[in-house]
2 protein chains.
Amino acid sequence: MVQIPNTPPPASPAPRSVPTSADVARLAGVSRATVSYVLNNTSAVRISEPTRRRVHEAAEELGYVPHAAARTLRAGHSRMVLMPAPAVPVGPLYGQFINELQWALGRLDYTVVQHGSVGLHGDEAARAWAELRPVAVLVPGIGLGPEGVAVLKRAGARAVVTVGPARVEGAHALLMDHGSVGHCAGSHLHARGRRRIGVVVPQEPGLEAFSRPRLDGVRRALYGTDASVAELPLAFDERAAAELAARWRELGLDAVFAYNDEYAMLLMCALQDEGIRIPDDTAVVGADDLMIGRLLRPRLSTVHIELPSGRDLADLVDRAVRDPDATPEAHRVLGASVVARDSS
Amino acid sequence: MVQIPNTPPPASPAPRSVPTSADVARLAGVSRATVSYVLNNTSAVRISEPTRRRVHEAAEELGYVPHAAARTLRAGHSRMVLMPAPAVPVGPLYGQFINELQWALGRLDYTVVQHGSVGLHGDEAARAWAELRPVAVLVPGIGLGPEGVAVLKRAGARAVVTVGPARVEGAHALLMDHGSVGHCAGSHLHARGRRRIGVVVPQEPGLEAFSRPRLDGVRRALYGTDASVAELPLAFDERAAAELAARWRELGLDAVFAYNDEYAMLLMCALQDEGIRIPDDTAVVGADDLMIGRLLRPRLSTVHIELPSGRDLADLVDRAVRDPDATPEAHRVLGASVVARDSS
DNA sequence: TTGAAAGCGGTACCAA
DNA sequence: TTGGTACCGCTTTCAA
């Protein structure tokens, strides 16, 4: 980092203590109760207009900001919806989903917070989240067990929603079965007459949660047919792709499901460099239906993934919060469908 | 969403009230003070081993989890580092940076929290953040003014760090001048003998913060030379790219800086479909040095961006927290360098 | 070694 | 219409 010469320090010495509602009350010449009534627009209590004005002015002048922790403590609950921040850089698909969700929950007057729980695992993380007493917790992926759910519930979470491959006892579930993505691809390739099918499994850590189910899905689609499946570990790296492509002919595969569109692009380019014709020698299918697939030549066949709308999930959370004793719902929310283009 | 039949409700009725340290004390037969001492390993006080055990067992049995809000309130401060959650899906580069940062701050015993402040703008958002009384705030992009910084400081934030194009009064700054990215690309193209240079400006909302400076950087690099710059609005969309490519010859450009590698790929493919030869007719330069650039043919020239390590930024935050009265530092942290490949 | 109690900031009940 | 005050859960000083 390159240090840059600093501008001279500002002349105004910062006020050194945080103003509280008592300070506001003092300045406005009223009680703390009145301040609270005014600033919260408490409808059960009528405050005269001049008093309101004085309170507002005092708050403004002091730069008063209420203390969320104090409010939470007193109220016994917060409106915080907590979700762990994703541990791996997440694709545009999922990123978009998270954004929508945040927006929709914001509309419902929840505060969405992503907790950076790096290094913490499973129920250990659950404890850290529970300390914040969120009103609801949204946990993508695996790693949260029934004990974790219980910890959160005991800590006052009125809703725990898991987003992943399997239900967890006591929690609502958004079942995102990535197996169906693989299943889609596998069925498609089989229908196209392919019988020796490779499946790329990324070596990047943190992707197993998706790659395993996708592989299993292909296996499931092909089980009991005359087709076979070969697992192809691959790092997201040109050299690794070239090496894989170099032994392609001896692998004797006539098709490959490449985990997603990015890996598909990587592998497809390597195969083309090797002189493998696509789709004639080998069919390639990606997943996620990203823009790049449309731009490749041949155009990349892919599995389009339909995620639930952020609004729907926000509504689910809201319902769960309002009725915490309802039996947990489970929803299947990952729609997968083949987009057949020219590479398969 | 497809509803799935629920499993029967679990037999165990959930304990309906959140256990407090008083409950633990009661069960262990000690005072709340002792519970606090034991659970926090307070070194100033020696507690007998049998007592410690009893407290731990009681806490375990009740599933006790401390109440962060209460602790914060009592302590007068928290160890929460707050940053707004990015409003647009963010690329792998920046995503990686955020992850590193979270990890590094976690190592320093801070709790990193991304606040989903959708719809809130500037100082309005600052107020929402201030309610959480974070010990430090990390604000990417623009939109936070000096008043916002003041609000946060008054609310007890010991460090405010902006990450963006310009300094903000009172805050530390990580200057990420995306102008240098454009400057790099512009200089490179000029050095290659190009004189009519187009610059792609994405139409996607939320990207202006990066696209404007990149455009300006190109302008700056070419200012006073015999080269000219043309602004090319472009949506991330095949049709838009095709339309732009269709009028390419009449635009009379011999080079284009495509904002980033993804837009470059989009445009390059459209140009090639149109019969424009790259780099002979038109040179193309991307940015961000993504994998896809290496896979394109011709291989895409790009601007490699060097971000600071998460560790460095975490250390900066930590220093600032420890010495809140130090004059704000400003660091220039965006390194840009051309990776010349075959498209320019 | 342990306990009693004050107090952090805000809310809401009850009284005036 | 407004004020006094108890209380939320936890930490920490002081006393025992």
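Within every chain, numbering begins at 1; the chains are lettered A, B, ... in the order of the sequence lines, protein sequences first and strands thereafter.
Phosphate proximity of D:dT2 to A:Thr51: present, with a side-chain N or O under 4.0 Å from OP1 or OP2.
At distances below 3.5 Å, at least one donor-acceptor pair connects side-chain atoms of A:Ser117 with backbone N or O atoms of A:His115.
B:Arg53 and B:Glu57 are joined by a salt bridge, as a carboxylate oxygen and a charged side-chain nitrogen come within less than 4.0 angstrom of each other.
One atom, CZ of B:Arg53, and another, P of C:dT2, lie 13 Å apart when rounded to the nearest Å. C:dG9 atom P lies 16 Å from atom CG of A:Leu39, rounded to whole Å. Rounded to whole Å, atom P of C:dT11 lies 11 Å from atom NE2 of A:His77. Spacing between atom CG of B:Asn41 and atom P of C:dT1 amounts to 14 Å, rounded to whole angstrom units.
Residue A:Leu108 places its CG atom among more than 12 non-hydrogen atoms of other residues, nucleotides or ligands, all under 6.0 Å distant. Within a 6.0 Å radius of CZ in B:Arg311, other residues, nucleotides and ligands contribute 12 heavy atoms or fewer. For CZ of B:Arg52, the number of neighbouring non-hydrogen atoms (other residues, nucleotides, ligands) closer than 6.0 Å is greater than 12.
A heavy-atom distance below 4.5 Å is not found between the side chains of A:Ser36 and A:Ser21.
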Practice problem: Treat primed atoms plus P, OP1 and OP2 as sugar-phosphate and everything else as base, then score nucleotides 8-16 of chain D 5' to 3': B for base contact with protein heavy atoms under 4.0 Å, S for sugar-phosphate contact only, - for none. | Solution: BBBBBB---

